[in-house]
2 protein chains.
Amino acid sequence: MSDALLQSHEFFSFLTGKVSTAISRRLQRNLKLAKLNITSEQWTILYHLWQEEGLTQQELANLTFRDKPSITRLINNLEKISLVIRVNDKQDRRSNLIYLTKEGRRLKEEGMKQSAITLSEAVAGLEIEELRTAQHILDKVFKNIK
Amino acid sequence: MSDALLQSHEFFSFLTGKVSTAISRRLQRNLKLAKLNITSEQWTILYHLWQEEGLTQQELANLTFRDKPSITRLINNLEKISLVIRVNDKQDRRSNLIYLTKEGRRLKEEGMKQSAITLSEAVAGLEIEELRTAQHILDKVFKNIK
DNA sequence: CTTCTTTAATTGCATAAGCAACCTAAATTA
DNA sequence: TAATTTAGGTTGCTTATGCAATTAAAGAAG
């Protein structure tokens, strides 16, 4: 790689989170505007549970690329606000299966809507082809360092 | 934008930080391996001071895309470990000018080296042209939502 | 079986982030 | 020049993260 690019602050700063920080903040703001009192991090957990309930904390950790302690605490907080419950797995008593509460399920529609809005704000004016390209490239980066 | 892409979990998850989290962790790890006891967040502050000392906290906030309280606390911690000092601006007594200590300057060489290593690990196997493309696209996203 | 190892989750400790409220100094304006 | 607004920083409160160490259950090896 060229030194010019290596030294490019712009390049490094987007890799180190400028864009994703901006997206999280925007999602957070949109959730708040829609009266959803959840953080963007909580959203990422709920997102996966909206697709499939009964995931273990380890599975959630893998899906959201967080470590186990982070998941423990996110689930603690989500339980505190009564959006999910831990159910001890009878088959494997080490595991907790995480389920949505009725209220947790109720948030799906608005939660998905706000994330879709956020995403469309983010990618406004971009071509599908550009998005595919960016995704492809970032995927390679991720594989390099995950 | 197509629904297929809107629903793409992969796409959303990289936008919400998978890649940048991985980069931060890798940088953190590389710094630690090189015996530099600073966090990746502290690195971003030092990076700008290595380019130019005497920046105000507000300028650092703008450069690193953080809010003012975050900078206050990062500078507190950097002062605590004696890498920077606050100097009250005589011209504008509201401002602090942030300078590196001798030790802070000493870390420049190794700090820049480790970030270069991290970056080259991240972009291994990618073409310059791909990187330019990704940067360009992410720049558009950032402008949309910053 | 009993020991050893691996796995799921939790806890402790330290750092970092966002938002709102606040303080003080500077700049504006009336 | 007094009153108001703006700008730079700090503090309080809450949430989130990483890493290391720990507990308890499950699985493997002897």
Side-chain angles (χ1 to χ4, degrees), chain A residues 16-18 20-33 37-46 54-81 83-84 86-98, chain B residues 16-18 20-33 37-46 54-81 83-84 86-98:
Chain A
T16 54
K18 220 171 69 169
S20 62
T21 303
I23 298 239
S24 295
R25 287 185 197 167
R26 179 61 66 105
L27 175 58
Q28 186 75 76
R29 198 181 82 183
N30 287 340
L31 291 170
K32 191 171 184 179
L33 286 173
N37 282 322
I38 54 174
T39 66
S40 54
E41 293 86 357
Q42 291 170 348
W43 181 93
T44 65
I45 300 293
L46 292 175
L55 298 171
T56 66
Q57 296 185 197
Q58 183 60 62
E59 287 168 335
L60 285 167
N62 296 338
L63 288 167
T64 63
F65 195 57
R66 290 182 168 87
D67 68 357
K68 286 185 288 182
S70 293
I71 300 298
T72 294
R73 281 146 180 155
L74 281 172
I75 299 297
N76 286 350
N77 287 338
L78 284 166
E79 255 192 334
K80 208 180 298 171
I81 57 177
L83 296 183
V84 308
R86 286 176 165 94
V87 175
N88 197 259
D89 187 346
K90 299 289 180 218
Q91 262 63 52
D92 183 342
R93 290 175 26 243
R94 292 170 304 179
S95 297
N96 294 328
L97 307 180
I98 311 299
Chain B
T16 55
K18 220 171 71 170
S20 63
T21 303
I23 298 239
S24 295
R25 287 185 197 166
R26 178 62 64 106
L27 174 59
Q28 186 75 74
R29 198 181 83 182
N30 287 341
L31 290 171
K32 191 171 184 178
L33 287 173
N37 283 320
I38 55 174
T39 66
S40 55
E41 293 86 356
Q42 291 170 348
W43 181 92
T44 66
I45 300 293
L46 293 174
L55 297 170
T56 66
Q57 296 185 198
Q58 183 61 60
E59 286 168 337
L60 285 168
N62 297 338
L63 287 167
T64 62
F65 197 56
R66 291 181 168 91
D67 69 356
K68 289 184 289 180
S70 293
I71 300 298
T72 293
R73 281 147 180 153
L74 281 172
I75 299 296
N76 286 350
N77 287 338
L78 284 167
E79 256 193 334
K80 208 180 297 171
I81 57 178
L83 295 183
V84 308
R86 285 176 166 95
V87 176
N88 196 259
D89 187 346
K90 299 291 182 215
Q91 263 64 53
D92 183 342
R93 289 174 27 240
R94 292 172 305 181
S95 299
N96 294 327
L97 307 180
I98 311 300

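Numbers restart at 1 for each chain; the letters A, B, ... are given by sequence-line order, proteins then strands. Note that the structure is predicted; figures quoted are calculated from it, not measured. The figures that follow rest on heavy atoms only: side chains count, while hydrogens, waters and symmetry mates do not.
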Within less than 4.0 Å of OP1 or OP2 of [N], is there a side-chain N or O belonging to [X]?
{"X": "A/Arg25", "N": "C/dG18", "value": "yes"}
{"X": "B/Arg73", "N": "C/dA16", "value": "no"}
{"X": "B/Arg66", "N": "C/dA16", "value": "no"}

Please work out if [X] contacts a base, only the sugar-phosphate, or nothing of the nucleic acid, heavy-atom cut-off 4.0 Å.
{"X": "B/Lys32", "value": "sugar-phosphate"}
{"X": "A/Asp89", "value": "nothing"}
{"X": "A/Ile71", "value": "nothing"}
{"X": "B/Gln28", "value": "nothing"}

Side chain to side chain contact (heavy atoms under 4.5 Å, CB included) against [X], all qualifying residues, sequence neighbours excluded:
{"X": "A/Asp67", "answer": "A/Pro69, A/Ser70"}
{"X": "A/Asn96", "answer": "A/Gln57, A/Arg86, A/Asn88, A/Ile98"}
{"X": "B/Glu59", "answer": "B/Leu55, B/Thr56"}
{"X": "B/Asp92", "answer": "B/Asp89, B/Arg94, B/Ser95"}

With sequence neighbours left out, the residues meeting side chain to side chain donor-acceptor pair (under 3.5 Å) with A/Ser40 are none

Going by the rule side chain to side chain donor-acceptor pair (under 3.5 Å), which residues pair with A/Lys80 if we only count those two or more places apart in sequence or in a different chain?
A/Asn77

Going by salt bridge (charged side-chain N to carboxylate O under 4.0 Å, His left out), name the pairs with one or both residues in residues 23-33 of chain A, residues two or more places apart or in two chains.
A/Arg26-A/Glu121

Nearest-angstrom distance from the residue atom [atom1] of [X] to [atom2] of [N]:
{"X": "B/Leu78", "N": "C/dA16", "atom1": "CG", "atom2": "C1'", "answer": "12 Å"}
{"X": "A/Arg26", "N": "C/dG18", "atom1": "CZ", "atom2": "P", "answer": "15 Å"}
{"X": "B/Asn37", "N": "C/dT15", "atom1": "CG", "atom2": "C1'", "answer": "13 Å"}
{"X": "B/Asn76", "N": "C/dA14", "atom1": "CG", "atom2": "P", "answer": "16 Å"}
{"X": "A/Ile38", "N": "C/dC19", "atom1": "CD1", "atom2": "P", "answer": "15 Å"}

Going 5' to 3' on DNA chain D, which nucleotide is the first and which the last to come under 4.0 Å of a heavy atom in chain A?
D/dT15 to D/dA26

Nearest to the side chain of B/Glu41, which nucleotide is it out of C/dA16, C/dG18, C/dT11?
C/dA16

For nucleotides 2-9 of chain C, give me one character per nucleotide, 5' to 3': B if any protein heavy atom sits under 4.0 Å from the base, S if the only such contacts are to the sugar-phosphate, - if neither.
-----BBB

If we check side chain to side chain contact (heavy atoms under 4.5 Å, CB included) with B/Leu83, which of these qualifies: B/Ile75, B/Asn37, B/Ile45, B/Leu78?
B/Leu78

Heavy-atom distance under 4.5 Å between the side chains of B/Thr64 and B/Ile71, does that happen here?
yes

Heavy-atom nearest nucleotide on DNA chain D for A/Asp67 versus A/Gln42: which residue maps closer to 5'?
A/Gln42

